[in-house]
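In what follows, a structure is listed as structure tokens, so that the remarks can point back to it.
Just so you know, these numbers use all the heavy atoms, side chains as well, and skip hydrogens, waters and symmetry mates. Start at 1 and go down the list; that is how both ligands and their atoms are numbered.
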Amino acid sequence: MLEPTFRKPVWAVLLGVMCAAAQPARPPAPAPTHFDILRGAYGPYRANNDLLFYHLDVRVDPEKKFIGGRNTIRFKMLKDDTRIQLDLHEALKVDKILLGETPLHYERDSGAVFVDFPETLRAGRVYTIDFYYSGNPVEAGRFGGITFRKDSSGHPWINTACEGIGASVWWPNKDQWRDEVENMQISVSIPNGLVDVSNGKFVGTTDLGDGYTRWDWRVHYPINNYDVSLNIGNYQHFADRLGNLPLDFYALPEDLDKAKKQFVQAKGMLEAFQHYFGEYPFQKDGYKLIEAPYAGMEHQSAVTYGNHFADGYLERDWTGVGISPRFDFIIIHESAHEWFGNSITAADMSDMWIHEAWATYLECLYVEYMWGREDGLKYTNGYKSKVRNALPIIAPRGVNREPPQDMYFKGALFLNTLRSVVDDDRRWWALLHGYYQHFKYRNIMTEDVVEYFNRKTGMNLTPVFDQYLRHTALPTLELTFDDAKRTVSYRWKADEPAFAMPVRVGRKDHWQIIRPTTAWQTMETPVPKDQFDVATDLYYVNVSKPDLRAGRP
Ligand SMILES: [Zn+2]
């Protein structure tokens, strides 16, 4: 997901979001709290087990804004132990936790629930527990976590979006990013006449005979907790197909006609991303687009949508260069996360650029696929106006810290730079396809990405990745000219001492590739200082041309 930060503060007020552009310099980040460490660290009672399966089976009472039920959790122990860590928001009550018929003791500590077993659980064995809970969930986090609203005709409209705050804001689970279940069942019981849309393939409905109907969904793939979703409302359904892939769309009655027009874009999006990366990752679950009361979220195989059924982002030109108004930002960006975020997932929130830089870069690839290379580049470079360079893109690990928004915009500009470093589009497309195919359905960290690109290119790109992801400053290409000798000296000014990156310089119509390092090199050039350009649309770098005496020792 992306939190919009338009330059005009009126939007920030309207949307109730923070406007990064209007903020003064950031104060130092606060030290992680006890809660952040419990939530963010992959502690010993998480690391001792491996999730296999959830069956989340809940009943939702719209009038009482109440949720209750059970999560059946199956896991394999990785070492002998008597305790595991799960998570549930403090506002919700633990009713009981059972191993078979045996009630288990547990201890709550802020958002964590430590579950104790009467006998040692053995490494290699599989166990199943039933975690019963209930209560009135609080609305919390950027998107509300779970919200109980009414649509314009007075029908209940209940949705979840809990990235950041965490899925345990509305259901009990092992609330972290590293470990995912291999598959999942979701059962949601709601008053008759309403519809629930969750993740995965629709299985069917069962009339429970008490005024409620249960909606059953089956997720056939690994799924990260924050992607698990329910959407309850007076939804109208329409369907389509792209080859074998079922496409299912859900909108409120008053928006149905608009949705039928706008959601057509899903097909072109799927074609573009399948072209670059291969088959849609969740074929058995299908692709769904569901109207929601917030801008949008990448819920796996059940993308939620609230972009006003209009092109651009909340009816604005998102990168400000006239290209964003050609397509629906939310359909393209949130669906890109099916490949990057849902299929490939970061193992710690610190490395969330693995979701967001890539999803943002996929917008750029979508533009290139639809309208060509030149427009793709223009759209990409439009993002420069949003970059702050105030904090590194990779946040501290293990402390539940979300990285800054540069992970989107600077991240995408960095990937565009990497393409220019590879400097061979056929090779670049093969690298992208190979990267996705290699890591699909896995939870990875930046080191895995870097290792892959180093191995496949045969280059040492580690200092390049590190400069863009682990430092705040852009690399600066320093150029000093000696007009008498007709030479230019050049070097990179960067935090990484081993930073070395080829770059195109000289005249726009015949660029010359030079290979600067952090040490000065000199070459002859017929191009005078004032006409000597750097291809900054292809490489996201700063350029400085200090005077000979000032710039060079
Ligand atoms: Zn996103």
Side-chain angles (χ1 to χ4, degrees), residues 1-6 15 17-18 20 141-144 159-167 177 199 223-229 265-266 269-270 272-273 276-277 281-282 287-290 292 294-307 312-314 316 318-319 324 327-346 348-367 379-380 382-383 386-388 393-395 401-416 436 443-444 446 449 469:
M1 174 51 197
L2 176 58
E3 189 178 3
T5 52
F6 296 108
L15 298 165
V17 299
M18 300 263 285
R142 284 190 299 171
F143 313 105
N159 305 81
T160 61
C162 53
E163 190 184 23
I165 186 84
W177 285 27
N199 318 81
I223 183 167
N224 37 353
N225 297 306
Y226 79 77
D227 266 335
V228 174
S229 165
Q265 289 187 37
M269 172 277 298
L270 287 161
F273 296 155
Y276 289 113
F277 301 103
F282 310 109
Y287 172 81
K288 294 179 281 303
L289 205 46
I290 304 143
Y294 51 85
M297 179 55 76
E298 64 255 30
H299 298 132
Q300 183 169 307
S301 83
V303 173
T304 39
Y305 174 92
N307 198 30
Y313 187 10
L314 296 170
R316 298 292 298 268
W318 177 231
T319 73
S324 175
F327 64 94
D328 190 308
F329 174 84
I330 287 293
I331 294 177
I332 307 310
H333 177 93
E334 303 306 339
S335 305
H337 282 305
E338 296 279 43
W339 283 262
F340 297 93
N342 302 346
S343 178
I344 295 180
T345 304
D348 190 305
M349 196 193 291
S350 59
D351 291 41
M352 195 171 160
W353 77 278
I354 291 170
H355 303 195
E356 298 300 352
W358 284 87
T360 306
Y361 185 60
L362 264 61
E363 298 162 25
C364 307
L365 293 182
Y366 172 80
V367 172
Y379 180 85
T380 309
Y383 270 128
K386 298 184 190 295
V387 175
R388 300 279 168 266
I393 284 177
I394 296 178
R401 179 79 46 84
E402 189 166 305
Q405 287 219 338
D406 276 2
M407 69 175 156
Y408 296 83
F409 319 128
K410 186 177 175 180
L413 286 155
F414 163 58
L415 292 173
N416 183 55
Y436 171 72
N443 299 53
I444 62 171
T446 301
V449 185
L469 300 176

His337 atom NE2 and His333 atom NE2 as seen from the Zn ion (ligand 1), angle to 10 degrees: 100°

Under 3.5 Å: donor-acceptor pair, side chain of Lys386, backbone of Trp318: yes

Tyr276 (side chain) donor-acceptor with Leu362 (main chain) under 3.5 angstrom: no

Ser301 versus Tyr287, side-chain donor and acceptor atoms under 3.5 Å: no

Shortest-distance N, O or S atom of Glu356 relative to the Zn ion (ligand 1): OE1

Presence of N, O or S from His355 under 2.8 Å of the Zn ion (ligand 1): no

Non-neighbouring partners of Asp351 that pass salt bridge (charged side-chain N to carboxylate O under 4.0 Å, His left out), sequence neighbours left out: Arg397

